[in-house]
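Notes follow the structure.
Hydrogens, waters and symmetry mates are skipped; everything else that's a heavy atom, side chains included, is used. In the text below, chain A, chain B and the rest are named by the order of the sequence lines, each starting its count at 1.
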Amino acid sequence: MAGEIRPKSKEELEEMKAPYEEYCRKAFDPGNECSKPVSLNGIRWLSCTMYIFTPHSAGNLAELGAEVIKIEIPRMGDAMRHTSPFNEAYLYPLHDTRPMTGTGFGFMNANFNKYYLSMDYHIPEMRDVFYNLVRQSDGLTELYRPGTFDRWKMSYRTLQEINPRFIYVWGGGFGYGPKVFGGSYDILAQAHAGFASITGMHDFMGGHCTKSSNWVMDWGSGTLIAYGVLAALHWRRKTGLGTMIEFSQVQTSTRFTEYAVPLYGRFGIVRQRWGNWDTQLCVHGMILCGKSDFPDAENPQDKHDARYVMVSAFQDADFKELCSVIRSKELYEKYRVCKDRVEAMAQVDIYTALEKWAADKSRSAVAKVLTDAGILASPVMNDREVYESEHYRQRGTVRWLDDPLFGDVLLQAGYSAGMLSKTPRRVNWIWRPVGADNLTIYRDLLGYPTSKIEEWYAKAWI
Amino acid sequence: MPEKRDVEINSRQDTLKLITPEIRPWPVSPPPSPEEVKKVYGKRKAEEFGQWLEDNMRLEYSFRKAESLQGFKVLDIGLWRLGHKFAASLLGQAGAEVIAIEPPTGDPLRQLTPFGREEYMLADKETGEKCGLGFINEMRNQHSITLDVETEEGQELFKKLAVHADVVLDGMLPGYMDERGVGYRQLSQINPRLVYCSVALRGTWGPMKDRVSKFGQWELDPFAQATNSYAHNTGFPQDQLPRGKGGDPTRAGSWVADYIAGEQAAVNILAALYWRDEFSGEGQLIEVSSAEALMDILDFDISWYGFNASIKARTGGWDPNLNQYEWNPCRDGYMMIGGQSDRLWYRIGMCIERDFPQFGRLIHEDPFLKEVGARNALHALIKTYSVTTRWLREINRVEAEEKLMDYEIAAGPILFIDETC
């Protein structure tokens, strides 16, 4: 019967009585993920991918326990391995033959737990080897221009004949249509499909369209592919049949613009940028404070930029309290009603008053005064502060990993994509050199003799 | 089709008066006909494959096909945020039966509309009640019911629903459902197969878990962007734009952290369902938070701090990892250009050199810029983009795109919503 809840043991009774926070802490148990099973046990996925967008889709599955085989160009590897912020963070080596070249941090986070195979699959002699992999795998992600894999007899049309349970993903920029051959990158998606046009300061604030700090459309689209793959797996459980997924990265950007598209479609109004404020709520924005929290710090990010606070007081009672904190009765009298506050000119008025009040205060002082008054406010944190935050540390979403190859690596990803109490995500290793698992896969999985593998290696076919 | 006209475009201002129904088909550009698309595939000698795609993948055919998640039942309860709503939409769009549960007063998100403009809300046909577009946009394929879980009766009804559900999406405050006896702890007793997913802002537990103000106001998205370093790292540095005029940490235009959390929640839910159906028969508790889900995809930013104590700075429209890979102003807006490998890098240069021969001398012949990795140094970015912008400032977006497309370079202008649709 619904509603009757009786604990079956003493432990269960205690579990039922524990404060919710404690219960969650125990259920997720950060740090002990590896003692639990994985969700995608037994799934083997092939990944003919580069950069971030499509590798992340396979990486997401690998974090959930699928066995992902990443196939790279022999000796060169994924182009993303050759990127690093300002060229300063590398881990060595890239490949046996290139001891002085490293893999840059641009490769980080999209490639956890994968097995690294190298293969030049466009060589006809290697095609059978590729087909043998397909026979033993559940699916594939690829990002070549449409028709390329078809020309090589590696598209879904061919592979479904070999393995009818095969799930095939093409991830690209534009998808079926007149721009189908257009190449795409994360910032092209941000630029081309609306997201950039609504991000950044408005012209009258003196600003420009602004790029997200991260490759948000690459990552966001990759996750959506992983979602599509899982849906296809559920479908396959019922029908025994694979499917083909076609994913256009550019369209993710349009989907992430909230009301912008329906507003245009219905009323012809083009949504513009609105800086650090919110178009639908006020007060709900970031303000500049007069003083940095760390005026003596050496790092300019601490010294000059620890000056911003996110403030939110859009409900009437909160706004009233905020006005009394900044001692501006007129402001409250003028904008008592929620609807009046959110008007554009009202927002200019209100945020100007707030910044004026904060002009002689430090970031932490502003956050503290407001928080003490019961209003929501929070300093805008930089990477160091996120790293040092007790919150993420306790939740295990920022933690150090002792990587089997590279030693201590600070992780911000993997665990932060979500906690699962019984089959948690995990990070076993960040990445391996190009072709590190060639022997395991060619010899142990596919059964090719070592001599053959050596021959391919010498010819740079693998 | 509207007729062609000669117009002079010097800035975006000049383009605004062109956005009229006569010039631009509105509300949306019509989709291309199969014949038009066929020509495109023909250019690459892929007509046959294009035809196969046409026959199998065309959007219009979706409705005659089966749905992958049919049979799954999802309950979605929550207020204010988009995370749980986006997850519910995704599940609903793939065929799950989704029931969105609101309190009798409705989700406050219904009341939100840009700048408080009621004229941009849609009115219910029968009741005349107005509803914001943002809310409607996130309610795809969901059934709407009201239920008051504050009352005992409501809680009983919720349990009766949850007995038959595969998934519960919880977008309420930390512990809210648990306190009312309808959280995972209690529901898993009556339905051990239940997958229960909390979608929070920073988490339902931990020192910085989701807060409410003294007056009951919820913490909503830009807080997630502000507390995971996304906002700090986004925007222009002060040597490009002054503080207060764009040289500041910047939030995304939308509540992007919520979207990221929503899609990641949907992934985790489907993985948990897979494990349940394939292996164990057991449900489980999941938690996704907006701040962490966005941090998960914040490139390598925090790992970089662990590497050498670098705190990522803002780089505006540029990217510190790749060159070229940026957008810069052109005559009537902004132009994005990307291509890092030698092959693409030199092709971009060849394209620019056609109009602006100095580019070759200044950039291609610079020995420092010949090495792929070295090009990512800050001074290399500054030099490359200064010279590129010298070219861009003379031409408008359409011209730049056409020129770059001749060389098959991934490039495109920043488009506004009307140009996108």
Side-chain angles (χ1 to χ4, degrees), chain A residues 2 5 20-21 24 39 64 83 85 87 89 105-106 108 147 150 178 183 185 191-192 194 197-199 201 206-207 211 213-214 219 223 230-231 235 258-260 262 264-265 270 279-280 301 310 315 317-318 339 342 374 376 380 382-383 386 391 397 410 412-413 416-419 421-423, chain B residues 27 32 46 49 68 94 112 114 116 133-134 159-160 163 175 178 189 205-208 213-215 217 226 229 232-234 245-246 253-254 259 263 267-268 270-271 275 284-285 287-288 292 296-300 302-303 305-307 311 317 320-321 336 338 376 410 412 414 416-418 420:
Chain A
I5 293 162
Y20 185 65
E21 187 157 343
C24 287
S39 331
L64 287 161
T83 65
N87 219 11
F105 263 41
M108 186 71 93
D150 192 62
Y185 291 113
H192 223 63
S197 75
I198 63 163
T199 297
M201 309 294 157
K211 183 176 84 67
S213 160
N214 61 339
W219 297 102
T223 306
L230 288 163
W235 174 244
E258 296 169 352
Y259 59 80
Y264 175 67
V270 181
T279 54
Q280 304 195 103
Q301 296 308 309
M310 170 77 206
Q315 291 186 356
D318 292 78
K339 198 171 154 279
V342 78
L376 296 173
V380 173
N382 67 24
D383 291 330
V386 171
H391 181 69
T397 48
L410 180 63
Q412 74 196 52
S416 35
M419 303 172 185
S421 62
K422 289 183 186 164
T423 56
Chain B
F49 181 64
S68 43
L112 299 195
L133 289 168
K159 282 184 202 159
K160 276 183 187 160
V163 169
D178 190 77
Q189 302 272 331
W205 58 281
M208 278 201 321
S213 79
K214 191 164 79 182
F215 312 97
Q217 186 200 298
S229 87
H232 178 273
N233 300 353
T234 296
K245 300 205 173 295
S254 64
Y259 281 113
E263 60 182 18
V267 167
N268 292 327
L270 288 192
W275 183 71
Q284 59 180 308
L285 176 63
E287 177 172 329
V288 180
E292 288 165 329
D296 182 70
I297 61 161
L298 216 51
D299 302 348
F300 43 75
I302 292 146
S303 302
Y305 180 77
F307 184 82
I311 305 176
N321 303 279
M336 172 266 157
N376 303 336
I414 290 189
F416 285 74
I417 299 293
D418 54 323
T420 297

Compare all side-chain heavy atoms of B/H232 with those of A/Q301 and state whether any distance is below 4.5 angstrom.
yes
Heavy-atom contact with chain B under 4.5 Å, split by part of A/L64
side chain
Are A/W219 and B/L298 side-chain neighbours, meaning at least one heavy-atom pair lies under 4.5 Å?
no
Which one wins on heavy-atom pair count under 4.5 Å against chain B: A/V342, A/T223, A/L376, A/T199?
A/L376
Contact origin within A/V386 toward chain B - heavy atom pairs under 4.5 Å
side chain
Residue among B/N321, B/N376, B/V288 with most heavy-atom pairs under 4.5 Å to chain A:
B/N321
Chain A: which of B/G338, B/G306, B/P320 shares the most heavy-atom pairs with it under 4.5 Å?
B/P320
Is any side-chain heavy atom of B/F307 less than 4.5 Å from a side-chain heavy atom of A/M108?
no
Check: A/T397 and B/D296 side chains under 4.5 Å, non-hydrogen atoms
no
Just so I understand: if I count every heavy-atom pair under 4.5 Å between each of A/A89, A/S213, A/G374 and chain B, which residue has the most?
A/S213
Region of B/M208 in contact with chain A, defined by heavy-atom distances below 4.5 Å
both
Looking only at B/L270, B/N268, B/D299, most heavy-atom pairs under 4.5 Å shared with chain A are made by B/D299
When rounded to the nearest 0.5 Å, the distance separating CD1 of A/I198 from CD1 of B/I417 is 6.0 Å
With chain A, the option among B/G175, B/G253, B/A94 that has the most non-hydrogen atom pairs under 4.5 Å is B/G253
Answer key: most heavy-atom pairs under 4.5 Å with chain A among B/G116, B/G134, B/S213, B/A410 is B/S213
Would you say that more than 12 heavy atoms from the other residues, nucleotides or ligands in this model lie under 6.0 Å from the NZ of B/K245, or not?
no
Donor-acceptor check, side chain of B/E287 to backbone of A/M419, threshold 3.5 angstrom: yes or no?
no
Point-to-point distance, once rounded to the nearest 0.5 Å, from CZ of B/F300 to CG of A/L410:
13.0 Å
Search all heavy atoms of A/N214 against all heavy atoms of B/I297 and return the closest pair with its distance.
ND2-O, 2.8 Å
Interface residue of largest heavy-atom contact number with chain B, from A/M201, A/H192, A/K339, under 4.5 Å:
A/H192
Quick one: does any side-chain atom of B/Q284 pair with a main-chain N or O of A/T423 as donor and acceptor, under 3.5 Å?
yes
When rounded to the nearest 0.5 Å, the distance separating CD of A/E258 from CG of B/L133 is 11.5 Å
Between A/A317, A/G147, A/G183, which has the largest tally of heavy atom pairs under 4.5 Å with chain B?
A/A317
Can you give me the closest heavy-atom contact between A/Y185 and B/M336, atom names plus distance?
CD1-CE, 4.0 Å
Among A/C24, A/S197, A/G106, which residue forms the greatest number of heavy-atom pairs with chain B at distances under 4.5 Å?
A/S197
Find the one option among B/G246, B/A226, B/A46 whose heavy-atom pairs under 4.5 Å with chain A are most numerous.
B/A226
Without swapping roles, check the side chain of A/E21 against the backbone of B/G206 for a donor-acceptor pair under 3.5 Å.
yes
